[in-house]
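Reading through the structure tokens given below for one structure.
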Amino acid sequence: MAEPPLRGINDVIHAKARLGIMSLVMSHSYCDFTMLKQKLDLTDGNLGSHILKLEQAGYILVEKTFVNRKPKTIITVTKSGAKAYADYIEALEMLIQAHIAPQKKGKD
């Protein structure tokens, strides 16, 4: 019996803000807090809480440094985060294909 289509959807990544964070960090080698805040139009607190959730899941690494005496937070993806993101995308594709395939059969 096939796995239910929604089972592969990772709830940690699926939240809109966390999906945005993961997508941006996956498409760049790293992102800083300010860039994520601007691109995703999130408040400091909201972004911080989503970063913490991803960090607790082991999907990202957060490095806090200072540049010219100003704090700078750098976010990178871990190996398990990259795998979780790839699995999430694959699950979405399978869900879409499962929905499209029955529609195509009905049109033939």
Side-chain angles (χ1 to χ4, degrees):
M1 183 186 212
E3 185 174 306
L6 291 177
R7 181 160 298 163
I9 302 298
N10 183 323
D11 289 333
V12 173
I13 294 175
H14 190 68
K16 184 169 46 171
R18 292 191 295 268
L19 178 58
I21 293 165
M22 289 297 292
S23 296
L24 285 168
V25 178
M26 287 292 294
S27 65
H28 298 81
S29 59
Y30 68 91
C31 292
D32 67 33
F33 190 92
T34 304
M35 178 227 189
L36 290 172
K37 181 181 169 184
Q38 291 171 346
K39 294 273 187 190
L40 299 173
D41 193 28
L42 297 172
T43 64
D44 287 357
N46 197 350
L47 178 57
S49 68
H50 288 294
I51 286 173
L52 180 61
K53 182 91 170 176
L54 291 168
E55 183 180 27
Q56 289 172 337
Y59 294 166
I60 61 172
L61 290 175
V62 177
E63 180 186 354
K64 295 183 182 243
T65 62
F66 285 89
V67 176
N68 296 327
R69 296 186 187 186
K70 292 182 182 178
K72 185 165 184 134
T73 302
I74 304 293
I75 294 97
T76 55
V77 176
T78 63
K79 285 183 183 180
S80 64
K83 177 161 179 10
Y85 183 80
D87 291 347
Y88 174 83
I89 297 300
E90 183 179 335
L92 281 180
E93 289 171 346
M94 288 175 30
L95 181 61
I96 292 166
Q97 289 305 316
H99 181 69
I100 291 172
Q103 289 182 354
K104 285 185 177 180
K105 287 180 185 175
K107 290 183 180 182
D108 290 341

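By convention here, the first residue in the shown sequence is residue 1. Owing to the predicted nature of the structure, the values given are computational and were not obtained by experimental measurement.
To the nearest 0.5 Å, atom NZ of residue Lys16 and atom NE2 of residue His50 are 9.5 Å apart. Distance check, rounded to the nearest 0.5 Å: NZ of Lys39 to CG of Leu47 gives 14.0 Å. If you take CG on Asp44 and OG on Ser49, they are separated by 11.0 Å, rounding to the nearest 0.5 Å. Taking NZ of Lys64 as the start and CD1 of Ile75 as the end, the distance is 8.5 Å to the nearest 0.5 Å. From Leu42, atom CG reaches atom CZ of Phe33 across 8.5 Å, with rounding to the nearest 0.5 Å.
Taking the side chain as every heavy atom from C-beta outward, Glu63 and Thr76 never approach each other to under 4.5 Å. Side-chain contact between Tyr88 and Ile9 is present, with at least one heavy-atom pair separated by less than 4.5 Å.
Of the possible donor and acceptor atoms, one in the side chain of Thr78 sits under 3.5 Å from a partner among the backbone N and O of Gly58. Within the 3.5 Å criterion, the main-chain N or O of Thr34 finds a donor-acceptor partner in the side chain of Asp32.
Of all non-hydrogen atoms in Leu40 and Ala17, the two that sit nearest each other are CD1-O, 4.1 Å. Closest heavy-atom contact between Ser23 and Tyr85: OG-OH, 2.9 Å.
Residue Arg18 forms a side-chain contact (heavy atoms from CB on, under 4.5 Å) with just one option from Ile51, Leu54, Ile13, and that option is Leu54.
Each of Tyr59 and Leu61 belongs to its own hydrophobic cluster when Ile, Leu, Val, Met, Phe, Trp and Tyr are linked at side-chain heavy-atom distances under 4.5 angstrom. Leu36 and Ile74 are assigned to two separate hydrophobic clusters, defined by single-linkage of ILVMFWY side chains at heavy-atom distances under 4.5 Å.
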Handout entry: side-chain contact (heavy atoms from CB on, under 4.5 Å) between Val62 and Leu52, intermediate numbers included
Key = CA-CA 9 Å; Val62 177; Leu52 180 61; over 6 Å; no
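Asn10 and His14 share no donor-acceptor pair across their side chains, judged by distance under 3.5 Å alone.
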